[in-house]
Asker: 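Could you have a look at this structure, given as structure tokens, before my questions?
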Amino acid sequence: MPQNFFILSGEQPELAKDELVSISKSYDPKTTSTGESRLVIIKSAVPWEKIAKRATFVRASGSIVSTLDDLLETRSHLSKPKTFACRVINLSSKKINKVQMEGETGAVLRERWNSKVSLLNPSVTVYLIITNNKQYLGYAENTMEQERPRKTIKYPTELDWKLARCMVNLSQLMEGRTICDPFCGTGTILLEAESMGIRSIGIDFDVKMCNIAEKNLAENGYDSKVVNSTYHDIQKIKEKIDAIVTDIPYGIASKSSLSPKRILQDFLSTIPKRMRLVIVYKKGLDVDELDKAKKYEIYRHKSLTRVIAVKDSVT
Ligand SMILES: C[S@@+](CC[C@H](N)C(=O)[O-])C[C@H]1O[C@@H](n2cnc3c(N)ncnc32)[C@H](O)[C@@H]1O
């Protein structure tokens, strides 16, 4: 089974690692992972580019090879790169002379490949990843940029795109599947889903928010549907959706007299029991129905810590 490496940016490390595993599992349920520090190694049949294209918190990624000879062998089956660069990523507590190490490895590769070094735009980057326990060798072809949706109309209560994207990925769906966000607001979750080829249906009881979400979707040429109704409408579309990904209200909305906790409880009793749910809410709203969910705390500022809860089925 091929092994791929992902170097995390350092933000939300636990969430970041689980996001990678979830993306891989949406294509290959046999995915396994190991890791150390900011390095995550994914063993699966999924090409690393497919995971990296969706992942939110990754700084570098590529395939792992055992030795420099293996790398040269692999490359000779493909083609010799026009240009290349070597990068040392030191995740260990030791001090390392990166420049010297990159220079030495680069000299070996230059001789064998007869290729030029290009630090700015290499066609292949060779990585030496050093952790406290082990050294890894990896490489990556120059890859395309992640497709980011544009958001023209913003709103103070909107969710930041990184959490929205990560939550969509935690739902473990591949392209062509459908999520529903029944509290869609400006459509942040819908936009992130559709930018990754996942269909989405939004619901919001505030017509103003529905109009904003529709405009944001139209700006990107996306065709996710937005329904002006309450979350109870999820019952009507449950056959069409594969997961629920949502961000419930943090305060008492002007159109509702229910407290956020009551909304959360009523919402959980309304949705289909056997459906994957990824939900974010303000810390302190914890309810029994989410006792078994995997939870991640995200500190925003002193009066807002969010909780992301992931549940396969609501019991
Ligand atoms: C926290 S905001 C969602 C923000 C959204 N994630 C975004 O990025 O813009 C919660 C949304 O739930 C909507 N809402 C509140 N009560 C609702 C209900 N009973 N049914 C459907 N939508 C509701 C509000 O109008 C608001 O837009």
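If you're wondering where the values come from, they're calculated on a predicted model, not measured in any experiment. Indexing begins at 1, ligand by ligand and atom by atom, following the structure's order.
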Asker: How does Leu258 reach ligand 1, if at all, at less than 4.0 Å between non-hydrogen atoms: by side chain, backbone, both, or neither?
Answerer: neither
Asker: Whether the Ser61 and Asn4 side chains hold a donor-acceptor pair (N or O, under 3.5 Å, no angle test) is what I'd like checked.
Answerer: no
Asker: Which atoms of ligand 1 have any heavy atom of Ile248 under 4.0 Å away?
Answerer: 1 (C)
Asker: Relative to the heavy atoms of Asp206, which atoms of ligand 1 are at a distance of less than 4.0 Å?
Answerer: 25 (O)
Asker: With a heavy-atom distance limit of 4.0 Å, tell me whether Ser229 approaches ligand 1 through its side chain, its backbone, both, or neither.
Answerer: backbone
Asker: Just going by heavy-atom distances, which of Tyr155, Trp161, Tyr231 is nearest to atom 20 (N) of ligand 1?
Answerer: Tyr231
Asker: Any chance the side chains of Thr152 and Lys215 put a donor and an acceptor closer than 3.5 Å?
Answerer: no
Asker: Going by the atom numbers of ligand 1, which of them fall below 4.0 Å from some non-hydrogen atom of Pro182?
Answerer: 21 (C), 22 (N)
Asker: Does one side chain, of Thr31 or Ser24, offer a donor that lies under 3.5 Å from an acceptor on the other?
Answerer: yes
Asker: Looking at ligand 1, does Ile189 have a heavy atom less than 4.0 Å from it?
Answerer: no
Asker: Between ligand 1 and Ala164, can you find any atom pair, the residue atom being a heavy atom, that is separated by under 4.0 Å?
Answerer: no
Asker: Please work out whether any backbone atom (N, CA, C, O) or any side-chain heavy atom from C-beta onward of Ala213 is under 4.0 Å from ligand 1, and answer side chain, backbone, both or neither.
Answerer: neither
Asker: May I ask you to test the Ser44-Lys30 pair for a side-chain heavy-atom distance under 4.5 Å?
Answerer: no
Asker: Under 4.0 Å, heavy atoms only, figure out whether ligand 1 is touched by the backbone of Met209, its side chain, both or neither.
Answerer: side chain
Asker: Could you pull out the closest heavy-atom pair between Gln3 and Lys43, with the gap in Å?
Answerer: CG-CG, 3.7 Å
Asker: What residues form a ring pair (Phe, Tyr, Trp, His ring centres under 6.0 Å) with Phe267, not counting sequence neighbours?
Answerer: Phe183, Tyr231
Asker: Looking just at side-chain N and O atoms, do Glu36 and Asn133 make a donor-acceptor pair shorter than 3.5 Å?
Answerer: yes
Asker: Looking only at non-hydrogen atoms, which of Ile263, Thr230, Asp247 approaches atom 6 (N) of ligand 1 most closely?
Answerer: Asp247
Asker: Number the atoms of ligand 1 from 1 as they appear, then name those within less than 4.0 Å of a heavy atom of Thr186, with their elements.
Answerer: 7 (C), 8 (O), 9 (O)
Asker: List every atom of ligand 1 that sits less than 4.0 Å from any heavy atom of Thr157, numbering the atoms from 1 in the order shown and giving each element.
Answerer: 4 (C)
Asker: Is the distance from the ring center of Tyr136 to that of Phe5 below 6.0 Å?
Answerer: no
